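Notes follow once the structure below has been shown.
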Amino acid sequence: MSTMLKSQVIIFVIGGPGSGKGTQCERLAAKYQFQHLGMGNLLRAEASEPTRQGRQIKDILLKGALVPSGFVLNLLNANLLQREEAKGFLVNGFPRELNQAKDFERVGRPPNIVIVLDCSTETMIQRLLLRGQTGHRADDHESCIRQRLETHYSLCEPVISYYQQKNLLRNVEDAIFAKCCSVLDSLR
């Protein structure tokens, strides 16, 4: 990652599928004039490409599994560098596992803060099933949702502990916008 990204605010927003990451990031990006990078959206865009890699990613996503870390990191870095004039970034859905957190710091620097959206499993399942009915996403059906939640819980605990030890973690229950804003305001 270039030294150009040293001055920007980088905020990771993590939480289970359906915890409200995308919605909160869009609202925060609009309020603070930050760039919003949704890793899920970037990966789904890649999965729709008619390339070998696109097809591989599509298969992985439809299984509710995780896309290989190296690929995710390259995609994130490429997108950060394309927008290096931004004053800050809200990156949602990254890191999904501990290695991604460590690898990101190896190529760049730690994030300024990590917001974890705490939300009950039942709430997430209900939101995803609802989203599935509106037909937005191929991976919003029950068996895939349960697999994604399981993957999330098993891999996310170490990420949360890691950032807690670094004193970078901020917990926001039920994706309350005002609380997310107070976290961002505290950075100034």
Side-chain angles (χ1 to χ4, degrees), residues 1 4-45 72-73 75-98 100-101 104-105 108-131 134 136-137 140 145 148-149 152-153 155-188:
M1 194 189 299
M4 301 295 282
L5 288 170
K6 294 289 181 232
S7 60
Q8 280 96 332
V9 174
I10 297 178
I11 298 167
F12 291 160
V13 180
I14 58 177
S19 60
K21 298 184 298 292
T23 307
Q24 293 305 318
C25 284
E26 278 166 30
R27 293 180 66 192
L28 291 166
K31 179 172 175 169
Y32 294 91
Q33 281 98 50
F34 279 17
Q35 285 283 335
H36 169 209
L37 295 178
M39 289 315 295
N41 294 343
L42 295 175
L43 288 168
R44 281 186 292 280
V72 173
L73 208 62
L75 190 62
L76 174 58
N77 282 337
N79 276 276
L80 288 170
L81 295 172
Q82 274 167 19
R83 302 174 170 92
E84 59 189 5
E85 73 296 333
K87 64 179 187 183
F89 294 95
L90 288 151
V91 181
N92 105 47
F94 180 90
R96 296 278 307 275
E97 53 183 333
L98 189 54
Q100 288 181 350
F104 183 82
E105 288 177 28
R109 44 159 261 224
N112 294 71
I113 212 113
V114 179
I115 296 175
V116 60
L117 296 180
D118 226 342
C119 191
S120 78
T121 304
E122 275 317 299
T123 303
M124 289 191 281
I125 291 173
Q126 289 316 307
R127 284 180 184 167
L128 293 169
L129 288 172
L130 202 65
R131 189 169 74 183
T134 57
H136 287 313
R137 298 252 309 258
D140 283 338
I145 289 169
R148 283 161 60 203
L149 283 166
H152 165 73
Y153 285 122
L155 291 168
C156 207
E157 280 312 308
V159 173
I160 288 172
S161 310
Y162 178 71
Y163 287 126
Q164 214 154 15
Q165 285 159 7
K166 290 178 168 282
N167 201 20
L168 292 175
L169 202 69
R170 301 294 178 272
N171 220 29
V172 174
E173 283 181 28
D174 299 319
I176 297 164
F177 183 62
K179 197 161 176 205
C180 291
C181 292
S182 67
V183 171
L184 267 69
D185 293 339
S186 73
L187 290 172
R188 293 183 176 170

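Any value given below was found using the heavy atoms of this structure, including those in side chains, with hydrogens, waters and symmetry copies removed. Quick caveat, the model's predicted, so the values are computed rather than measured.
- Put simply, the side chain of V159 does not reach to within 4.5 Å of the side chain of F94, judged on heavy atoms.
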Original post:
Passes side-chain contact (heavy atoms from CB on, under 4.5 Å), K31 versus C181? Steps please.
Top reply: CA-CA 9 Å; K31 179 172 175 169; C181 292; 3.8 Å; yes
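- Closest of all the heavy-atom pairs between G16 and S19 is O-OG, 2.8 Å.
- Residues P95 and F12 have side chains in contact (heavy-atom distance under 4.5 Å, counting atoms from C-beta outward).
- The closest side-chain heavy-atom distance from L76 to Q100 is not below 4.5 Å.
- Counting heavy atoms from C-beta outward, Y153 and T121 have side chains that approach closer than 4.5 Å.
- The heavy-atom pair separating H36 from G22 by the smallest distance is CE1-O, 3.8 Å.
- Between C180 and V172, the closest heavy-atom pair is SG-CG1, 4.0 Å.
- Nearest heavy atom pair, residue V13 against residue C25, reads CG2-SG, 3.6 Å.
- Between F34 and the options I11, L28, V91, a side-chain contact (heavy atoms from CB on, under 4.5 Å) holds for only I11.
- Taken from OH in Y163 to CD1 in I113, the straight-line distance is 12.0 Å, to the nearest 0.5 Å.
- Note that CZ of R96 and CD1 of I14 are 10.5 Å apart. Values are rounded to the nearest 0.5 Å.
- Listed here is the closest heavy atom pair of P158 and L98: O-CD1, 3.9 Å.
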Subject >> Stepwise side-chain contact (heavy atoms from CB on, under 4.5 Å) test for D185 and Y32 >> reply: CA-CA 9 Å; D185 293 339; Y32 294 91; 2.8 Å; yes
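- Rounding to the nearest 0.5 Å gives a distance of 9.5 Å between CD1 of I115 and CG of L169.
- In this structure, the side chains of Q8 and K87 stay at 4.5 Å or more apart for every pair of heavy atoms.
- With a 4.5 Å cut-off on side-chain heavy atoms, F89 and V9 do not count as touching.
- Two residues are said to be in side-chain contact when any heavy atoms from C-beta on lie closer than 4.5 Å; L128 and R148 meet this criterion.
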Subject >> Derivation of the side-chain contact (heavy atoms from CB on, under 4.5 Å) call for M39 and R44 >> reply: CA-CA 8 Å; M39 289 315 295; R44 281 186 292 280; over 6 Å; no
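- Rounding to the nearest 0.5 angstrom, the gap separating the CZ atom in R170 from the CD atom in Q164 is 10.5 Å.
- One finds the CG atom of N79 at 4.5 Å from the CG atom of L42 (value rounded to the nearest 0.5 Å).
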**OP:** Show the numbers, then the answer: is there a side-chain contact (heavy atoms from CB on, under 4.5 Å) between R109 and I10?
**Re:** CA-CA 9 Å; R109 44 159 261 224; I10 297 178; 3.6 Å; yes
Original post:
After noting the C-alpha distance and the side-chain angles of K21 and E26, does the key distance pass the salt bridge (Lys or Arg N to Asp or Glu O under 4.0 Å) rule?
Top reply: CA-CA 9 Å; K21 298 184 298 292; E26 278 166 30; over 6 Å; no
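- Atom CZ of R127 sits about 4.0 Å away from atom SG of C119, to the nearest 0.5 Å.
- Residues C156 and E97 are not in side-chain contact: their nearest non-hydrogen atoms beyond the backbone lie 4.5 Å or more apart.
- Between Q35 and A86, the closest heavy-atom pair is CG-CB, 3.4 Å.
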